[in-house]
Amino acid sequence: MQSSVYKQFALRMLSGNWGISLLAVVATMLVQAVITTQLDLESTDPSILFVSIGLLYGATVLLAPLELGRNWVFLDIAKAEKPSFGLLFDAFGSLKDYIRAVTYYAVFYLGLNVLMLFLIVPGVWFYLTYRIVPFVLRDQPELSAFQAMRESRRLMRGHKRTMLRLYASFIGWYVLVLFTGGLAYIFVQPYINTALAGLYVEIKAATDANEQPVGS
């Protein structure tokens, strides 16, 4: 399916849901801003820079349930369900969900950063393969983080190019974010993530249908 179809779908599903979408994005941005402003990421002292990067990674992982909750908000929107603002913090209320979120994002960000540092193509492959894990964790709460990553790898088999094209179709919007000093980000992120959630819903539905026994 063409990327334009997913983008049209996203805009349609966001109609009437822009309020919760913008709130979810702004809330996570504020938390991230509080963290980054406390760190010295521009220091010329290698030891200070190393510690700051380590603290940033640690804080990002520990607050992973917030990022997970944001993905859950957009998945509910893509499914025509009405997400509540509380969903953003849902994973903090369950030890199991908290562990799943922290484990996934710790592995995801570490693997992505290491691969992108040395090899761009494997890094992109890694990102596309495991980007939908938050959606899998929402739909299959019985899975651990690593089981969800395996499921994501299975679902994305043969679909990574479609996701890559979808991201590429937003290049103009990324440029807008740069020109507005990041202000447009709060509008672009709901658009991108809802389109991505729509792609996931379609892939999962098609995969489930293909796995149905004949005559069932």
Side-chain angles (χ1 to χ4, degrees), residues 1 3 5-17 20-21 23-25 27-28 61 63-109 111-112 125-164 166-167 189-213 216:
M1 192 179 294
S3 298
V5 176
Y6 298 112
K7 294 167 81 171
Q8 291 167 7
F9 167 82
L11 290 176
R12 185 170 68 253
M13 301 310 290
L14 282 167
S15 178
N17 287 301
I20 183 66
S21 299
L23 201 57
V25 172
T28 51
V61 169
L63 292 171
L66 188 65
E67 182 68 22
L68 185 66
R70 184 171 71 168
N71 279 282
W72 288 359
V73 166
F74 294 120
L75 179 59
D76 274 17
I77 291 174
K79 290 182 174 182
E81 299 174 1
K82 285 290 185 180
S84 66
F85 184 65
L87 182 60
L88 192 63
F89 307 96
D90 214 40
F92 283 104
S94 164
L95 179 60
K96 179 181 178 181
D97 283 340
Y98 186 84
I99 292 174
R100 293 197 307 162
V102 168
T103 302
Y104 162 62
Y105 280 106
V107 173
F108 181 70
Y109 284 131
L112 183 64
W125 177 91
F126 184 87
Y127 180 87
L128 297 173
T129 299
Y130 299 112
R131 174 59 184 85
I132 64 170
V133 169
F135 303 143
V136 175
L137 290 172
R138 173 70 168 166
D139 278 344
Q140 302 183 62
E142 75 281 2
L143 299 183
S144 69
F146 290 111
Q147 288 172 332
M149 291 182 76
R150 286 195 293 272
E151 176 66 3
S152 177
R153 186 168 64 245
R154 184 181 75 89
L155 290 173
M156 287 305 299
R157 194 171 298 126
H159 298 288
K160 287 185 281 293
R161 185 174 299 178
T162 302
M163 184 184 288
L164 183 60
L166 178 58
Y167 272 113
Q189 276 303 297
Y191 189 13
I192 295 175
N193 286 317
T194 305
L196 187 62
L199 171 62
Y200 159 76
V201 170
E202 182 187 58
I203 290 173
K204 188 173 187 304
T207 303
D208 290 346
N210 290 334
E211 292 176 351
Q212 288 292 326
S216 63

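We use all heavy atoms of the structure for the numbers below, so side chains are in, but hydrogens, waters and symmetry mates are not.
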Nearest 0.5 Å, what's the [atom1]-[atom2] distance between [X] and [Y]?
{"X": "Phe74", "Y": "Arg138", "atom1": "CZ", "atom2": "CZ", "answer": "13.5 Å"}
{"X": "Thr129", "Y": "Arg153", "atom1": "OG1", "atom2": "CZ", "answer": "8.0 Å"}
{"X": "Lys7", "Y": "Leu196", "atom1": "NZ", "atom2": "CG", "answer": "13.5 Å"}
{"X": "Leu88", "Y": "Leu66", "atom1": "CG", "atom2": "CG", "answer": "4.5 Å"}
{"X": "Leu155", "Y": "Lys160", "atom1": "CG", "atom2": "NZ", "answer": "10.5 Å"}
{"X": "Ile132", "Y": "Ile203", "atom1": "CD1", "atom2": "CD1", "answer": "5.5 Å"}

Legend entry - All pairs passing ring pair (Phe, Tyr, Trp, His ring centres under 6.0 Å) where residues 134-163 contributes a residue, at least two apart: Phe135-Tyr200
When you compare the side chain of [Y] with that of [X], does any pair of heavy atoms fall below 4.5 Å?
{"X": "Leu75", "Y": "Pro134", "answer": "no"}
{"X": "Lys79", "Y": "Asp139", "answer": "yes"}
{"X": "Thr162", "Y": "Tyr6", "answer": "yes"}
{"X": "Val133", "Y": "Met156", "answer": "no"}
{"X": "Phe108", "Y": "Glu67", "answer": "no"}
{"X": "Lys82", "Y": "Asn17", "answer": "yes"}

Legend entry - Counterpart residues, side chain to side chain contact (heavy atoms under 4.5 Å, CB included), relative to Leu23 (two or more places apart):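 If we apply the side chain to side chain contact (heavy atoms under 4.5 Å, CB included) test to Leu23, skipping adjacent residues, the hits are Phe85.
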Inset, instruction - Using atom types as modelled and distance alone, determine if a side-chain donor or acceptor of Thr28 lies under 3.5 Å from a backbone N or O of Ala24. - result: yes
Inset, instruction - State whether the side chain of Tyr130 and the backbone N or O of Leu112 hold a donor-acceptor pair below 3.5 Å, judged by distance alone. - result: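 Checked: no pair found.
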Over all atoms of both residues, closest heavy-atom pair of [X] and [Y]:
{"X": "Ala145", "Y": "Leu137", "value": "CA-CD2, 4.4 Å"}
{"X": "Phe126", "Y": "Val107", "value": "CZ-O, 4.0 Å"}
{"X": "Phe9", "Y": "Ala78", "value": "CZ-O, 3.2 Å"}
{"X": "Ala64", "Y": "Ala101", "value": "CB-O, 3.6 Å"}
{"X": "Leu14", "Y": "Ser21", "value": "CD2-OG, 3.3 Å"}
{"X": "Gln147", "Y": "Ser144", "value": "OE1-N, 2.8 Å"}

Inset, instruction - Keeping to residues at least two apart or across chains, list the salt bridge (Lys or Arg N to Asp or Glu O under 4.0 Å) pairs with something in residues 88-97. - result: Asp97-Arg100
